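This report concerns only the one structure given below.
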Number of protein chains: 2
Amino acid sequence: MSAPTLKLKQKRSQERREKIVAAATRLFGDRGIAQTSLTDVAQAAGIPLPSLYDYFKDKQDLVATVPEENYLALYNLLADPPEEGAADPRQQLRAIYLGNFAYIRDNPDWGRVFFLEIWPSVAVAEGRIRKAVDRYALRYVDLVRHAIASGDYRRQLDPYLAMSLLMGGMCHLTAVWLLYGRPYDLVEKGRALFDTLEVSFLAKGDVKTRARRSRKSR
Amino acid sequence: MSAPTLKLKQKRSQERREKIVAAATRLFGDRGIAQTSLTDVAQAAGIPLPSLYDYFKDKQDLVATVPEENYLALYNLLADPPEEGAADPRQQLRAIYLGNFAYIRDNPDWGRVFFLEIWPSVAVAEGRIRKAVDRYALRYVDLVRHAIASGDYRRQLDPYLAMSLLMGGMCHLTAVWLLYGRPYDLVEKGRALFDTLEVSFLAKGDVKTRARRSRKSR
DNA sequence: GAAAAAATTCGAAGAACATTCGAAATTTGT
DNA sequence: ACAAATTTCGAATGTTCTTCGAATTTTTTC
């Protein structure tokens, strides 16, 4: 029976599900969601077409799964190492932002689906995806707030505006990077973007106070 | 016969075409392109389904037409009034950027299709759409270059990076605005975004030199 | 360790949608 | 008025999404 993902599988036929998601991520990223038929996905995953419906309610469900699944990996990746620099929100924001670019660079398929197909897109209005994206965006809002509280960033800076600039810049940069065949180092550009952007975030008088950012570099 | 848009219509049944585009813009913006069937478009336009193919090669062709058609209007709107401030690239950039937001505010359907459905999206890779978008983006690159040349903006500022920030911010802001039901004045937010962003564009020593921006205000 | 219960798989069939064809209707040119 | 060109759309086709349920496999129970 076509059982939605409501009840988890009880065996390692979990692998099939993963195969499907992997195939879908690749194909969606390649040609776009609309141009990818479930027949293609099934074939690429080596699974009969109707069986897809044993793992996903419908195509939209599969689409929503792609960013969800990767979001977890990304979130964990970026959530872990706040220990060492926990006291420096500005440093943390920078690390997370660049980590984000690195993740995109290392998972371009996912990046393509997420930044070119799903977000922004009306799909993001769908509850499940919206939730993930919001949580993601609020993380940045939070970090900016901390940086303001610590005195690094201007007190008048609107954290939501700052988030829009960070996310929007990342989205645009990634989109261009992907569309033009990944011609340059995305993380490098991301760093330049962040540094440019941060100039407008910083508290004026504080420029030198916190200018000891080059320790360890990367 | 199903004649692609190759040869223009020789009568005012041009109106039908416009009806279709209008209906498509509204429906695509409402529910998204994938969730809108040509049957819906045909019904909304009051035209039998197969007749759509007398005006558009296929669905993708209709999709591409939406941004194309509006792009012209926007482009003309923003290209006209450079006369008065032609000498001040910084002022011109600001005016065009805000004019852009105003156009989105006044044509939210188009904004939705363009910023949530088409750009960014792999659709943008398609020749026709790419061309329009590129021309659009390069306009900003150009304006930034002028502002650099005039000494308003930092000499080290990468015009492409600046464009990414401008476009990305606009895209994100618009997306949020649309998705959350247009809760605030988009142009106002756009202005705040621009002013925040511009801080990082400006030449350092020049802060006071060119600070006479308040004449006549907006 | 076999029978019952539960979960899993997928072939066959149906529904929704995009797209094509070409004959009828209309307009244009002479 | 008549022929040529153009426009319109009903009927038919092909593709893709989705459902149904019987056959198969795995898990549980005694």
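As a basis for the values below, the full set of heavy atoms in this structure was taken, side chains included, without hydrogen atoms, waters or symmetry mates. Because the structure is predicted, anything quoted here is derived from the model rather than measured. Below, read A as the first sequence line, B as the second, and so on, with proteins coming before strands; counting in each chain starts at 1.
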To the nearest angstrom, how far is Lys59(B) atom NZ from dG14(D) atom C1'? 17 Å
In whole angstroms, how far is the P atom of dC20(D) from the NZ atom of Lys57(A)? 13 Å
What's Pro48(A) touching, base or sugar-phosphate or nothing? Going by heavy atoms closer than 4.0 Å. sugar-phosphate
Leu49(A) CG to dG14(C) P, in whole Å, measures 17 Å
Kindly assign one of parallel, tilted or perpendicular to the pair Tyr97(A) and Tyr140(A), based on the angle between their ring planes and the thresholds 30° and 60°. perpendicular
Using the side chain to side chain contact (heavy atoms under 4.5 Å, CB included) rule, take Leu93(A) and Glu198(A) through it: C-alpha gap first, then chi angles, then the decisive distance, then the call. CA-CA 10 Å; Leu93(A) 173 60; Glu198(A) 208 192 25; 5.7 Å; no
Whole angstrom is fine here: how far is it from CD1 in Ile33(B) over to P in dA18(C)? 12 Å
Given atom CD of Gln43(A) and atom P of dT15(D), what is their separation to the nearest angstrom? 14 Å
Quick one: is dC10(C) close enough that its OP1 or OP2 comes under 4.0 Å of any side-chain N or O from Ser51(A)? yes
Can you tell me how far C1' of dA18(C) sits from CG of Asp58(B), to the nearest Å? 9 Å
Would you say Arg16(B) places a side-chain N or O within less than 4.0 Å of OP1 or OP2 belonging to dT7(D)? no
How long is the line joining CD of Gln35(B) and C1' of dC17(D), in whole Å? 13 Å
Is Tyr55(B) near enough to dT8(D) that one of its side-chain N or O atoms lies under 4.0 angstrom from OP1 or OP2? yes
For Asp134(B), all residues meeting salt bridge (charged side-chain N to carboxylate O under 4.0 Å, His left out), sequence neighbours excluded: Arg130(B)
Between Ser37(A) and Pro50(B), which is nearer to the 5' end of DNA chain D once each is assigned its nearest nucleotide? Pro50(B)
Expressed as a whole number of angstroms, how long is the span from Tyr53(B):OH to dA11(D):P? 18 Å
Plane angle bin for Trp110(A) and Phe114(A) - parallel if under 30°, tilted between 30 and 60°, otherwise perpendicular: parallel
